[in-house]
Structures are given as structure tokens and as C-alpha cells.
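Data block below; observations after.
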There are 2 protein chains.
Amino acid sequence: MDDDQLDLVFHALASQPRREILAAVRGAPGCNVNFISELFDMSRIGVMKHLAVLEAANLIVSEKVGRERQMYFNPVPIQQIHEMWTDEFTRHFSASLTKLKRIIEQGEDK
Amino acid sequence: MDDDQLDLVFHALASQPRREILAAVRGAPGCNVNFISELFDMSRIGVMKHLAVLEAANLIVSEKVGRERQMYFNPVPIQQIHEMWTDEFTRHFSASLTKLKRIIEQGEDK
DNA sequence: TCTATAAGTAACCAAATGGTTACACATTGA
DNA sequence: TCAATGTGTAACCATTTGGTTACTTATAGA
């Protein structure tokens, strides 16, 4: 996941309405734009703009079926960030262990 | 972590320069504003604005020591989101298991 | 004490964001 | 075929964002 994609994903998640829209899509796989917009106190176009942000971030994927746009939650970006952070915490923990060993060894040298 | 805080954290992370500034602070605990701003091709005030965003999101904490502002990385918000996502993946996995059990039981009923 | 250094504040400005309404186009189903 | 339904585009606008320069205040050290 490159930096541009990270920008898009974090930005998409940086708005409560958008997180709620994402949750709604996740809870109703294959739902359409109207279904989602009825859940929110916002114009349909407003909702569509949020959906566009989520889709640009690859957090949802959609498919035109006739006159409907069916939308699906895509778990991958969040999972990738989660793994990235998991790796980072692990690495940081290892670095702390290495530091601790060094301190202990210095203690034994004296 | 409430929704306002989530907004702040994700927004703070939604900019490559800001992620790089955060990494720089993390790599140099106790560093000052000038140290950070020398690392970037941006005015000091520009960097300060980014630092303010990171601090509002609680991703860094700082402390005025004389004329210096010493800054530290705060790992907590990212860890909290990481846990939140871990919980969610686990719950989702459990829900999938429950669903799978139900399908199997229906298969046995027939 | 005075100069250098570190940070803070204010103002400015272009671009981006996040909403709105109005209108248009495409598909569905009676 | 035509009305209903679903979506898309365009335009608008207020606010926010992300940078800049100019100036000020506070602290450190010679």
C-alpha cells in the first residue's frame, strides 16, 4: 500500500458520517445508493460524494447492475494497515528487547 | 476513543508529510520544532501547523522546556485503533463461524 | 547586557472539502 | 409506451485546509 493510497484510506476514515456509511455498506452487501442515503439526514448527492471518497480509497467496491449500483465493503485496506501496524509494534518490541539485553550485558561487564 | 478523536487521528494520518513528521518525532524523542523543520522542505510555520494537528490528535505530546518545545511520540491512539480493528476482525471471524455452524446444522436437519 | 536562537501569532491566499439544489440520463416495470 | 425509479452531472457556496511571509516574544549564552 503506497503513500497515496494511505492518504486516501485515512482521509476516508477521518469523517464520522463516512465511517457510518462504510458500516452501513458492510452490513448490507449489494445495497444501492438510495438504500444508504435513506439512512442519513443528508442529500443523496452528499451521500454519493462520501461514497465516492470511500470507493477512491478502495474501502468499498461497486458494480452497476442495470440502473442500480450495488456496493460492497472491501476489508483489504484496513487489514493491510492493521498488519502494517502489527509488524511495527512487533519490530518496536524487538528493538526494546535488544536494548534491554544491551543494558543487561553492560551491567554484567561491570 | 470517541468519534471526534477518531476523526482527529485519521485526519492527522491522512497526509504523507504528517506521517513523516510523526516518524521523525518518534525517532528522536524530546526533539524540538527546529530539528523537525530542518528535515523538511517546508517553512517552519508549515511544520508547526502539522505538529499542531498531530498534537490535537494526541499522536504527539509536547512540553515547553525553557525556550524549547520538546516533543514525544504517543503510541496510544494507534494502539487503540489497532485493538479496535483486531476486536472487529475477531468478531467478524466469530460471526462467520456462527454462520458456518448454522449452515452445517441446517444441513444435518435435512 | 546584548546578540543569537527558538518559538509563537497574525494575516494572507489558493485549493480542497463538504454540503446544497437543479437538471439530465438510463433502466425498470406496469 | 410511459411513468416511476435510480443514478449521474453541473453549478453553487461557505468553510476548512495547508501552505506562505512578516513580525513579536521569550530564552540562552557570550
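In the text below, chain A, chain B and the rest are named by the order of the sequence lines, each starting its count at 1.
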Whole-Å gap separating C1' (dT17(D)) and CG (Leu54(B)): 14 Å
Sub-4.5 Å side-chain heavy-atom contact between Leu59(A) and Val25(A): no
Should the pair His82(A) and Trp85(B) be assigned to parallel (<30°), tilted (30 to 60°) or perpendicular (>60°) ring geometry? tilted
If hydrophobic clusters are built from ILVMFWY residues whose side chains come within less than 4.5 Å, do Ile21(A) and Val33(A) share one? yes
Classify Gly46(B) by what it touches in the nucleic acid, base, sugar-phosphate, or nothing, heavy-atom distance under 4.0 Å. base
Expressed in angstrom and rounded to an integer, what is the separation of Lys64(A) atom NZ from dG6(D) atom P? 13 Å
With a 3.5 Å cut-off and just heavy-atom distances, do the side chain of Arg67(A) and the base of dT7(D) make a donor-acceptor pair? no
Compute the ring centroids of His11(A) and Phe10(B), then answer whether they are less than 6.0 Å apart. no
Is there a side-chain polar atom (N or O) of His11(A) under 4.0 Å from OP1 or OP2 of dA16(C)? no
Whole-Å distance separating the CZ atom of Arg69(A) from the P atom of dA26(C): 14 Å
Between Ser15(A) and Val65(A), name the one whose nearest nucleotide on DNA chain C is closer to the 5' end. Ser15(A)
His50(A) side-chain N/O to dG19(C) phosphate OP1/OP2 under 4.0 Å: yes
Output yes when at least one side-chain N/O atom of Ser43(B) is less than 4.0 Å from OP1 or OP2 of dG19(D), else no. no
What's the CG-C1' distance between Leu8(B) and dT17(D), to the nearest Å? 14 Å
Atom pair distance, as rounded to whole Å: CD in Glu68(B) and P in dT27(D): 13 Å
Spacing of Ile45(B) atom CD1 relative to dA7(C) atom P, expressed in whole Å: 10 Å
Looking at Arg18(B), I'd like to know whether one of its side-chain N or O atoms comes within less than 4.0 Å of OP1 or OP2 on dG18(D). yes
Would you kindly give the CZ-to-C1' distance between Arg44(B) and dG8(C), to the nearest whole Å? 7 Å
If you only use heavy atoms from C-beta on, which nucleotide in dT7(D), dG19(D), dA7(C) is closest to the side chain of Lys49(B)? dG19(D)
What is the distance, rounded to the nearest whole Å, between atom CZ of Phe40(B) and atom C1' of dG19(D)? 15 Å
Looking at Asn74(A) and Val61(A), would you say the former's side chain and the latter's main chain have a donor-acceptor pair under 3.5 Å? no
Does Asn34(B) place a side-chain N or O at less than 4.0 Å from the phosphate oxygens OP1/OP2 of dT5(C)? no
